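These figures come from a predicted structure and were not determined experimentally. The chain is numbered in sequence order, starting from 1.
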Amino acid sequence: MEDIRFTLDHCVKCNICTSMCPVSRVTPLFPGPKYAGPQAQRLRYGPSTDRSVDFCSGCGICSQVCPHGVKIAEINAKARHTMYQECGIPLRNQIIARPDVLGRLASPAAPVINLAMRLPGVRRAMEAILHIHHAAPMPSFSFETFPAWFRNRRQQIPSLRNPSSNHGTTSGATTPDETVVYYHGCATHFYEPRIGKAAIKVLERNGYQVIVPEQGCCGLPLMSNGNFEAARQVVRFNVARLLPYARQGLPIVATSSSCSLMLKREVREILDMQDDDTALVSAHLYDICEFLLIRLAMGQLDIAFQPIPLRVPYHAPCQLRGHGFGKPALELLQLIPELETIEMSAACCGTAGTYGYKQEKYSIAMAVGEELFSAIHSTNPHLSACDSETCRWQIVHGTGLPSVHPIELLAAAYQ
């Protein structure tokens with residue numbers, strides 16, 4: 001694989017990336033991907049005083065639209081890592097980059113923590129001390145985690161017990177050829193277990209035994225906040241636990257488009273993890289809607305959906321578009337009778353993972369997302385759908401309307 005830093009030589013300064021950048025469009029603090037990426041990279045041979053690259057949200061749109069294949073967003077991510085090596089990673093960035101740690105600490109006291117997080121005084125104190133914006137759309141913790149629900153469900157339903165299996169925690173009782181491994185990620189684990197429940201329902205409805213191995217954070221928040229070494233550590237943890245299944249040729253599905261892109265591509269392109277084990281796991285990993293659409297094309301998807309009479313605008317998040325496989329969720333949702341799915345054309349919701357939580361970037365994130373928020377409202381919807389958790393939270397924050405994962409609508413259509 002070509003070192004992404006060398007792709008800067010393909011830049012012809014056409015400025016297409018800058019014209020499509022949602023961040024430079026709303027703030028002068030980010031001079032644009034061309035300047036912060038390939039142009040500035042030629043000058044980064046020693047300590048740099050230019051901190052503008054930190055205002056890149058990492059949405060990846062610049063890399064997607066570059067006609068010459070310059071890995072602009074990836075160059076920026078590495079430049080941000082270099083910047084933080086020089087000046088140190090702020091405590092705020094280190095805290096919000098570990099959603100798994102926050103989840104483990106807060107979930108046992110979720111009702112109390114969630115109540116406290118709704119108090120204006122607590123949020124103002126967080127802003128003053130940690131520089132996390134008081135209005136940022138931080139999610140609620142779930143008292144019941146998804147892995148706990150999954151384990152309890154197996155114990156309560158005799159037909160789901162499979163003592164002879166050596167795969168770990170499983171559901172169903174089908175053949176090895178009908179087995180999938182589920183990587184649920186931090187959001188489903190600690191914040192939105194309902195997403196995992198819907199995924200299990202859809203997969204089992206289609207005859208799959210589901211394995212849920214031990215797992216950790218995908219590492220994307222750490223990487224986005226410049227902590228590459230910590231990100232590599234959590235990736236190695238996940239690879240070690242997913243590798244036995246990849247070696248068996250089992251598909252690994254993820255319900256977070258951000259997690260799946262991280263483990264499928266960004267660990268190699270940005271973190272430079274080129275080893276065979278990581279490559280094998282990456283090769284067997286699918287976004288769940290991508291996986292289901294492949295099964296549909298093979299005639300192996302149950303499409304006996306019940307009607308859902310709702311109007312639902314659908315936003316394809318930036319990291320899903322980074323996969324380059326189209327918009328599988330949109331195609332699947334169009335199979336549900338009476339569900340009016342409206343594709344949104346806005347480029348970005350603005351939050352970009354942890355970007356919109358930061359005090360100095362919250363207003364930028366909201367300005368970027370305004371086009372999407374207005375477009376959603378204009379459809380007079382019942383709710384919206386989006387594949388990425390932080391994007392859903394931002395959409396709820398910006399519109400006041402519920403937002404769901406497409407897998408939840410598919411699960412509801414199987415009632």
Asker: Classify the ring geometry of H323 against F325: parallel below 30°, tilted from 30° to 60°, perpendicular beyond 60°.
Answerer: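 Geometry flag for F325 against H323: parallel rings.
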Asker: Which heavy atom of C217 sits nearest a heavy atom of P99, and at what distance?
Answerer: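 Result for this residue pair: SG-CG, 4.2 Å.
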Asker: Determine whether more than 12 heavy atoms belonging to other residues, nucleotides or ligands lie under 6.0 Å from atom CD1 of I303.
Answerer: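 Check fails, neighbour count at 12 or below.
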Asker: Run the side chain to side chain contact (heavy atoms under 4.5 Å, CB included) test on V368 and C349 for me, step by step, so that the C-alpha distance in whole Å, both residues' side-chain angles and the decisive distance to 0.1 Å come before the verdict.
Answerer: CA-CA 6 Å; V368 169; C349 74; over 6 Å; no
Asker: At their closest point, which heavy atom of Y183 faces which heavy atom of C218, and how far apart are they?
Answerer: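 The answer is OH-N, 3.0 Å.
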Asker: Look at the side chain of S19 and the backbone N and O of I16, then say whether any donor-acceptor pair between them is shorter than 3.5 Å.
Answerer: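 Checking the backbone N and O of I16 against the side chain of S19, a donor-acceptor pair under 3.5 Å is found.
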Asker: Just grab all the side chain to side chain donor-acceptor pair (under 3.5 Å) pairs involving residues 339-354, residues at least two apart or on different chains.
Answerer: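 Only N225-T354, R311-E340, K327-E343 qualify under side chain to side chain donor-acceptor pair (under 3.5 Å).
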Asker: Crowded around M273 CE? As in, over 12 foreign heavy atoms under 6.0 Å?
Answerer: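 Atom CE in M273 is packed in, count exceeds 12.
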Asker: So, for A135 and Y362, which heavy atoms are closest and what is the spacing to 0.1 Å?
Answerer: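 Smallest heavy-atom distance, with atoms named: CB-OH, 3.6 Å.
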Asker: Please lay out, stage by stage, how V202 and L292 fare under the test side chain to side chain contact (heavy atoms under 4.5 Å, CB included).
Answerer: CA-CA 9 Å; V202 171; L292 295 174; 3.9 Å; yes
Asker: For I376 and I395: C-alpha separation, side-chain torsions, deciding distance, then whether side chain to side chain contact (heavy atoms under 4.5 Å, CB included) applies.
Answerer: CA-CA 9 Å; I376 288 174; I395 289 169; 3.6 Å; yes
Asker: Do D387 and I407 come within less than 4.5 Å of each other through their side chains, counting heavy atoms only?
Answerer: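 A side-chain contact under 4.5 Å is absent here.
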Asker: Can you list every side chain to side chain donor-acceptor pair (under 3.5 Å) pair that touches residues 286-300, not counting sequence neighbours?
Answerer: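 Found Y208-R295, K264-E290.
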Asker: CD1 of I95 to OH of Y357: how many Å apart, nearest 0.5 Å?
Answerer: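 Here the rounded value is 14.0 Å.
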Asker: Before we go on, tell me: are the rings of F141 and F190 under 6.0 Å apart, centre to centre?
Answerer: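 Distance test on ring centres: not under 6.0 Å, no.
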Asker: Under the salt bridge (Lys or Arg N to Asp or Glu O under 4.0 Å) test, which residues partner K197, sequence neighbours left out?
Answerer: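 Listed in chain order: E144.
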Asker: Would you check if F228 and L222 make a side-chain contact, meaning some heavy-atom pair closer than 4.5 Å?
Answerer: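 Not in contact.
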Asker: Let me see the working for K71 and E266 under salt bridge (Lys or Arg N to Asp or Glu O under 4.0 Å), right down to the final yes or no.
Answerer: CA-CA 11 Å; K71 297 290 187 178; E266 292 185 333; over 6 Å; no
Asker: Quick one: closest heavy-atom pair of Y84 and G226, and the distance?
Answerer: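 Scanning both residues completely, I find the closest heavy atoms to be CD1-CA, 3.9 Å.
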Asker: Identify the heavy atoms of C391 and C386 that sit nearest to each other, and give their distance.
Answerer: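 In this case the closest contact between C391 and C386 is CB-SG, 3.5 Å.
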Asker: To the nearest 0.5 Å, how far apart are CG in L242 and CD1 in I252?
Answerer: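 Going from CG on L242 over to CD1 on I252, the span is 4.5 Å.
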Asker: Measure the spacing between CZ of F373 and OG of S378 and express it to the nearest 0.5 Å.
Answerer: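 Going from CZ on F373 over to OG on S378, the span is 13.5 Å.
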Asker: Parallel, tilted or perpendicular for Y191 and W393, by the 30°/60° rule?
Answerer: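 Y191 and W393: perpendicular rings.
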Asker: Identify the two heavy atoms, one from M344 and one from P313, that lie closest to each other, and give their separation to 0.1 Å.
Answerer: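 Looks like CE-CB, 3.7 Å.
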Asker: Heavy-atom distance under 4.5 Å between the side chains of I342 and V312, does that happen here?
Answerer: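 Sidechains of V312 and I342: no contact.
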Asker: Looking at R51 and E360, does any basic side-chain N land under 4.0 Å from a carboxylate oxygen?
Answerer: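 Here R51 does not pair with E360 in a salt bridge, since their nearest N and O are not under 4.0 Å apart.
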Asker: Mind checking salt bridge (Lys or Arg N to Asp or Glu O under 4.0 Å) for R247 and listing every partner two or more places apart, or none if nothing turns up?
Answerer: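 In terms of salt bridge (Lys or Arg N to Asp or Glu O under 4.0 Å), with neighbours along the sequence ignored, R247 is linked to D277.
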Asker: Measure the CG-CG distance between L335 and L296 for me, rounded to the nearest 0.5 Å.
Answerer: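 That separation rounds to 5.5 Å.
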Asker: Between E370 and S374, is there a side-chain donor-acceptor contact under 3.5 Å, judged purely by atom types and distance?
Answerer: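 Checked: S374/E370 side chains pair up, N/O donor to acceptor below 3.5 Å.
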Asker: Taking side chain as C-beta onward, heavy atoms only, is E192 less than 4.5 Å from E389?
Answerer: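 Yes; the side chains approach each other to less than 4.5 Å.
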Asker: With side chains defined as the heavy atoms from C-beta onward, is the minimum distance between T255 and H405 less than 4.5 Å?
Answerer: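 Yes; the side chains approach each other to less than 4.5 Å.
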Asker: Could you tell me if the side chain of M366 sits less than 4.5 Å from the side chain of H397, heavy atoms only?
Answerer: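 A side-chain contact under 4.5 Å exists here.
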Asker: Quick one: do E74 and R265 make a salt bridge, cutoff under 4.0 Å?
Answerer: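 Yes.
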Asker: Not counting sequence neighbours, which residues clear salt bridge (Lys or Arg N to Asp or Glu O under 4.0 Å) with E371? List them please.
Answerer: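 By the salt bridge (Lys or Arg N to Asp or Glu O under 4.0 Å) rule, E371 matches no residue at all.
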Asker: Can you list the steps and then say if R268 with D275 is a salt bridge (Lys or Arg N to Asp or Glu O under 4.0 Å)?
Answerer: CA-CA 9 Å; R268 293 179 290 121; D275 60 281; over 6 Å; no
Asker: Using only heavy-atom distances, determine whether the side chains of S258 and S388 contain a donor-acceptor pair under 3.5 Å.
Answerer: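 Checked: S258/S388 side chains pair up, N/O donor to acceptor below 3.5 Å.
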Asker: Any carboxylate oxygen within less than 4.0 angstrom of a Lys/Arg side-chain nitrogen, looking at K358 and D54?
Answerer: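 Looking at K358 and D54, the cut-off is not met.
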Asker: Is the number of heavy atoms from other residues, nucleotides or ligands within 6.0 Å of CZ (F143) greater than 12?
Answerer: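 For F143, atom CZ is not crowded (no more than 12 foreign heavy atoms under 6.0 Å).
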Asker: Tell me whether the rings of Y182 and F146 are parallel (<30°), tilted (30 to 60°) or perpendicular (>60°).
Answerer: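 Answer is perpendicular, since the angle exceeds 60°.
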Asker: How long is the straight-line distance from CG of L401 back to NE2 of H377, given to the nearest 0.5 Å?
Answerer: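 So the NE2 of H377 and the CG of L401 are separated by 5.0 Å.
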Asker: Could you grab the distance from atom CG of L410 to atom CZ of R205, nearest 0.5 Å is fine?
Answerer: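 So the CG of L410 and the CZ of R205 are separated by 11.5 Å.
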Asker: Would you say that S384 contacts S403 through its side chain, given a criterion of any heavy-atom pair below 4.5 Å between the two side chains?
Answerer: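 Yes; the side chains approach each other to less than 4.5 Å.
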Asker: Any chance you could lay out the side chain to side chain contact (heavy atoms under 4.5 Å, CB included) test for H284 and Y245, step after step, and finish with the verdict?
Answerer: CA-CA 9 Å; H284 284 81; Y245 307 111; over 6 Å; no
Asker: Does any pair with a residue in residues 223-232 pass salt bridge (charged side-chain N to carboxylate O under 4.0 Å, His left out), and if so which ones, sequence neighbours excluded?
Answerer: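 Sorted result for residues 223-232: E229-R232, E229-R236.
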